[in-house]
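Single-structure report; data block below.
Scope of the values below: all heavy atoms of this structure, side chains included, with no hydrogens, waters or symmetry mates. This structure is a prediction, so every number in the text was calculated from the model and none was measured.
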Amino acid sequence: MKHKKRINTTLLKRFLPYFKKYKWILIIDLFFASLTTLCELYLPLIVRYITDMGTNNLSALTAEIVLKLGLFYLVLRIIDTASNYYMQSIGHIMGTKIETDMRRDLFAHLQKLPFSYYDDTKIGQIMARITSDLFDVTEFAHHCPEEIFIATIKIGASFIILANTNFWLTLIVFSVLPFMIVFTRFFKQRMRNAFKKSRFQIGELNAQVEDSLLGIRVVKSFANEPIEKEKFDKGNIKFLDIKKETYHYMAGFHSTTRLFDGIMYITVVVAGSLFMINGKITVADLMAYLLYVTTLLTSIRRIVEFTEQFERGMTGIERFVEVLDAPPVIENLPDAKELKNVVGDIRFDDVSFSYNDDNSEVLHNINLHVTPGENIALVGPSGGGKTTLCNLIPRFYDVTSGKILIDGQDIRSLTLESLRNQIGMVQQEVYLFSGTVFENIEYGKPGATKEEIIKAAKQAGAHDFIMSLENGYDTYVGERGVKLSGGQKQRISIARVFLKNPPILILDEATSALDNESERIVQQSLETLAKGRTTFTIAHRLTTIKNASVILVLTEDGIVEQGTHRELMQKEGLYHSLYSMYQEMMSE
């Protein structure tokens, strides 16, 4: 239990700074909450006054007094209504603003996290944390201070008033509360665990749905809809089982509090009646007492109901903090410099690399010097580290040992933004954002003019096909560019890099997924793009790199061969074997 309290305290400390911007809204909200509470506490006093006069001095109870009391209570209800309106509107808006701030911080942090985080985390899980989890936090942000404040006033005021009415009866009633706390505590932790499992499973379900729908063309091409339905049903049923468990604990929690509600009521009725028989309490006091006990029990019931919301909110905060605590790993050093006036001289100095979850090295003691404007081709069997080597240049991953220099500067001493702004990448799997052709090309240089974008498209050999589209540059490309062919998407991605105009270029098997005609067009665009730039080309089709300045044959043992196409063919080593094999495949 102490451990749980420490966790709650730590989570609340992480959450409280989000109230800072809205402290005056919160203060006013709590002020109005106190008004609604005071309005509610006045009714038993009015009833007690009228009952006492009606019992002991009926002649003094005039219509004027009753009407004045009624008017006074009506004014209180108007104040209560106005206060409640503020709490329900502005208070909820404050919660939504806090949710917005948290979602902004969460998304900003996600942008900083390295590729290794996304290698190990499902997007569906991230989506659950940034949407549904934070909605529960919104309700928590608004209701937590409000409910605690109101309950404190009501329980404190009720205790004082009841104790002044009859101290011993008050002690008897309040003695039930510790037993209630002990019994309900049993269910609270189980509710928290169930909520956490539920959140995790909804993330898994989101990931499964995303995976299935994004691959819907593959699903349909293999007629595997039943398999996808079966996978979804398994996850859905598991979610149902977790929800059942959650509701069992919730039912136990609420049923226990209802039981103690009844125990407290009957305690007041029985004990109060016995006190009244013995002249220890008047009829008016007992009626007021019953009304205040009702107020007290309503407050306790609200706390109990809020406990469920509290556990949901704490679960949301816990999952929010888990993401924020994921270290960026790759970030700017305090004294990081801007990379400017890039020439394109790149040196790998005894570079080794291994992934965090794998002790075996993907790259081992790589030494390489690339002069400005040189076109380096990387070939070799799968798993040799070609893509990994290229991903180290823009610091998508950091070297395990050694260093990479650009124009004599260690890339770790440079700001990430300035480093990556000098590097353009064209990958095998083209990612187009949901939007127009224009917006996707503009992504290479946000704020570019239409003339610049058209020029980049022409350089990439994309202008003619873009103009043949229904709405030209304003044509919607669909999710992930689904409305375009592979060659068209690739040319748009090349136009994006032309627009960026970087001095360093990385081409990662950019034509391997294209048909022959598309490959020919795209290859021409790539050759134009590579002119005058330091270029790394990862090649699948070996005929496309015959004119490279230097070809590196990369295997698990490192760079095993290096030279021009002619030099490597004359050696009759691994490159000769790979090239000959490729030619045989092409001639069949």
Side-chain angles (χ1 to χ4, degrees), residues 4-42 76-112 129-160 188 192 195 295 298-300 302-326:
K4 184 195 169 190
K5 284 182 178 177
R6 281 199 302 271
I7 292 173
N8 283 348
T9 302
T10 302
L11 292 175
L12 286 173
K13 283 181 179 177
R14 297 286 296 274
F15 177 64
L16 286 176
Y18 284 98
F19 279 106
K20 190 173 181 181
K21 282 171 62 177
Y22 311 106
K23 62 181 179 181
W24 287 110
I25 296 176
L26 179 61
I27 290 169
I28 296 170
D29 183 72
L30 294 180
F31 170 73
F32 282 126
S34 66
L35 288 183
T36 61
T37 306
L38 292 173
C39 291
E40 193 174 339
L41 290 172
Y42 256 104
L76 290 179
R77 295 311 296 182
I78 292 171
I79 294 172
D80 175 78
T81 302
S83 300
N84 191 64
Y85 177 83
Y86 181 93
M87 291 162 58
Q88 293 297 325
S89 59
I90 307 302
H92 272 105
I93 291 170
M94 178 193 72
T96 305
K97 286 180 176 179
I98 289 174
E99 176 192 3
T100 303
D101 292 344
M102 293 177 74
R103 185 174 289 117
R104 177 203 62 218
D105 290 350
L106 189 61
F107 186 79
H109 187 71
L110 286 168
Q111 296 295 308
K112 296 177 184 176
R129 295 183 191 222
I130 207 168
T131 53
S132 54
D133 283 7
L134 288 185
F135 175 75
D136 284 337
V137 174
T138 299
E139 294 300 299
F140 174 86
H142 170 222
H143 290 294
C144 181
E146 199 175 89
E147 294 295 338
I148 291 173
F149 186 71
I150 290 172
T152 302
I153 292 176
K154 281 187 177 180
I155 293 173
S158 296
F159 180 81
I160 292 168
K188 280 180 65 178
R192 167 81 71 86
F195 285 138
T295 301
T298 301
S299 301
I300 293 171
R302 281 183 68 168
I303 290 175
V304 166
E305 290 170 356
F306 174 67
T307 298
E308 178 190 331
Q309 195 173 70
F310 178 86
E311 295 301 335
R312 288 182 185 275
M314 291 302 286
T315 301
I317 293 170
E318 186 174 4
R319 283 165 58 83
F320 168 79
V321 167
E322 282 175 2
V323 178
L324 281 192
D325 285 346

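- Residue L110 holds its CG atom at 10.0 Å from CZ of R129, rounded to the nearest 0.5 Å.
- Across all their heavy atoms, I130 and R103 have their closest contact at O-NE, 2.6 Å.
- Annotation for A141 and G95: closest pair CB-CA, 4.2 Å, computed over non-hydrogen atoms.
- Ring centroids of F19 and F15 are separated by less than 6.0 Å, placing the two rings close together.
- Distance check, rounded to the nearest 0.5 Å: CG of L324 to CD of E322 gives 10.5 Å.
- Of the inter-residue distances, the one linking I98 atom CD1 with I93 atom CD1 reads 12.5 Å to the nearest 0.5 angstrom.
- Residues L12 and M314 meet the side-chain proximity criterion, which asks for heavy atoms closer than 4.5 Å.
- Distance check, rounded to the nearest 0.5 Å: CD1 of I90 to CD1 of I25 gives 7.5 Å.
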CA sep, side-chain torsions, deciding dist, call: D101, Y22, side-chain contact (heavy atoms from CB on, under 4.5 Å): CA-CA 11 Å; D101 292 344; Y22 311 106; 2.7 Å; yes
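- Taking each heavy atom of V137 and G316 in turn, the nearest pair found is CG2-C, 3.8 Å.
- Residues P145 and L30 come closest through the heavy atom pair O-CD2, 3.6 Å.
- Atom CG in L106 sits 6.0 Å away from atom CG in L134 (nearest 0.5 Å).
- Taking the six-membered ring where the residue is Trp, F32 and Y86 present tilted rings, their angle falling between 30° and 60°.
- Listed by chain and number, the residues in a ring pair (Phe, Tyr, Trp, His ring centres under 6.0 Å) with F149 amount to none (sequence neighbours excluded).
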Checking side-chain contact (heavy atoms from CB on, under 4.5 Å) for the pair M94/I28: CA distance, chi angles, key distance, verdict? CA-CA 11 Å; M94 178 193 72; I28 296 170; over 6 Å; no
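- Atom CE of residue M102 and atom CZ of residue R14 lie 10.0 Å apart, to the nearest 0.5 angstrom.
- Between D29 and G91, the shortest heavy-atom contact is OD1-CA, 3.9 Å.
- For Q111, the side-chain contact (heavy atoms from CB on, under 4.5 Å) partners are F107, not counting sequence neighbours.
- For D105, there are no salt bridge (Lys or Arg N to Asp or Glu O under 4.0 Å) partners two or more places apart in sequence or in a different chain.
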